[in-house]
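Here the structure is a predicted model, which means the values were calculated and not measured. Note that these values count all heavy atoms, side chains included, but never hydrogens, waters or copies made by symmetry. Counting from 1, the numbers follow the sequence of the chain as shown.
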Amino acid sequence: MEEKARTIADLLRLLANEHRLLILCALGNGPLTVGELHRFTPNITASALSQHLNQMRAAGILESEKRGMHVLYRMRDQRVTALLGAIKRYYCEE
């Protein structure tokens with residue numbers, strides 16, 4: 001049980017960032033390219049966006065696919081998708 005609690009705490013620490021939550025809210029509607037994602041996070045640089053995407057990809061939350069000159073990101077972790085469903089009802093809707 002302690003290991004599960006540690007795993008959940010690590011996941012929540014990763015998600016506890018306003019920029020990463022904006023990215024996840026955007027990806028909750030389907031796969032997007034980096035350029036499309038940047039429209040949802042206009043107050044950070046492209047470099048910072050890439051760092052957030054890489055952190056979440058390394059943690060297994062996202063997966064990416066190269067399509068021509070673009071990289072397409074999508075949700076991978078079903079736990080995060082389920083959490084996002086609850087969060088989205090209260091915070092992601094305009």
Side-chain angles (χ1 to χ4, degrees):
M1 189 143 167
E2 286 182 31
E3 184 61 33
K4 285 183 180 181
R6 190 172 311 128
T7 300
I8 292 168
D10 289 343
L11 176 63
L12 291 174
R13 269 192 289 280
L14 185 65
L15 297 179
N17 177 283
E18 64 185 276
H19 300 297
R20 287 192 283 268
L21 286 173
L22 287 170
I23 292 165
L24 292 172
C25 283
L27 290 172
N29 296 320
L32 297 169
T33 65
V34 175
E36 293 167 331
L37 284 167
H38 201 258
R39 284 188 264 146
F40 292 93
T41 57
N43 296 324
I44 64 172
T45 64
S47 175
L49 175 59
S50 290
Q51 289 176 12
H52 287 298
L53 291 168
N54 285 332
Q55 284 179 322
M56 290 189 287
R57 191 178 63 213
I61 294 171
L62 302 179
E63 60 186 5
S64 62
E65 174 186 348
K66 182 111 168 118
R67 288 206 178 158
M69 294 180 58
H70 302 282
V71 178
L72 191 68
Y73 285 88
R74 69 175 55 84
M75 299 290 289
R76 179 175 181 227
D77 190 324
Q78 295 305 311
R79 300 170 306 166
V80 174
T81 302
L83 281 171
L84 186 61
I87 290 169
K88 191 171 186 173
R89 281 193 300 271
Y90 299 103
Y91 300 107
C92 294
E93 301 299 324
E94 290 291 326

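Within 6.0 Å of NZ in Lys66 there are more than 12 heavy atoms belonging to other residues, nucleotides or ligands.
Residues Leu21 and Glu18 fail the side-chain proximity criterion, which asks for heavy atoms closer than 4.5 Å. Counting heavy atoms from C-beta on, the side chains of Tyr73 and Ile23 never come closer than 4.5 Å. Under the 4.5 Å side-chain criterion, counting only non-hydrogen atoms from C-beta, Glu36 is not in contact with His70. Taking the side chain as every heavy atom from C-beta outward, Arg79 and Leu83 never approach each other to under 4.5 Å. Here the side chains of Leu62 and Met75 are in contact, with some heavy-atom distance below 4.5 Å. Residues Leu84 and Leu15 have side chains not in contact (no heavy-atom distance under 4.5 Å, counting atoms from C-beta outward). Contact annotation: the side chain of Leu53 approaches that of Leu49 to within less than 4.5 Å [non-hydrogen atoms, C-beta and beyond].
Counting only residues at least two apart or on different chains, the side-chain hydrogen bond (donor to acceptor under 3.5 Å, both in side chains) pairs with a member in residues 41-52 are Arg20-His52.
Note on Val71 and Leu22: separate hydrophobic clusters, where clusters join Ile, Leu, Val, Met, Phe, Trp and Tyr whose side-chain heavy atoms are under 4.5 Å apart, directly or indirectly. Hydrophobic clustering, with ILVMFWY side chains joined whenever heavy atoms are under 4.5 angstrom apart, groups Phe40 together with Val34.
Arg76 is linked by a side-chain contact (heavy atoms from CB on, under 4.5 Å) to Glu63, counting only residues two or more places apart in sequence or in another chain.
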(message) Between Gln55 and Asn17, does the side chain to side chain contact (heavy atoms under 4.5 Å, CB included) criterion hold? Intermediate values first, please.
(response) CA-CA 12 Å; Gln55 284 179 322; Asn17 177 283; over 6 Å; no

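Rounding to the nearest 0.5 Å gives a distance of 4.5 Å between CE of Met56 and CG of Leu24. One distance of note links CG of Leu11 with CD1 of Ile8; it measures 8.0 Å at 0.5 Å rounding.
Closest heavy-atom contact between His38 and Ala46: NE2-N, 3.8 Å. The two residues Leu14 and Ala59 come nearest to each other via the heavy atoms CD2-CB, 3.4 Å. The shortest non-hydrogen separation linking Gly60 to Asp77 is O-CB, 3.6 Å.
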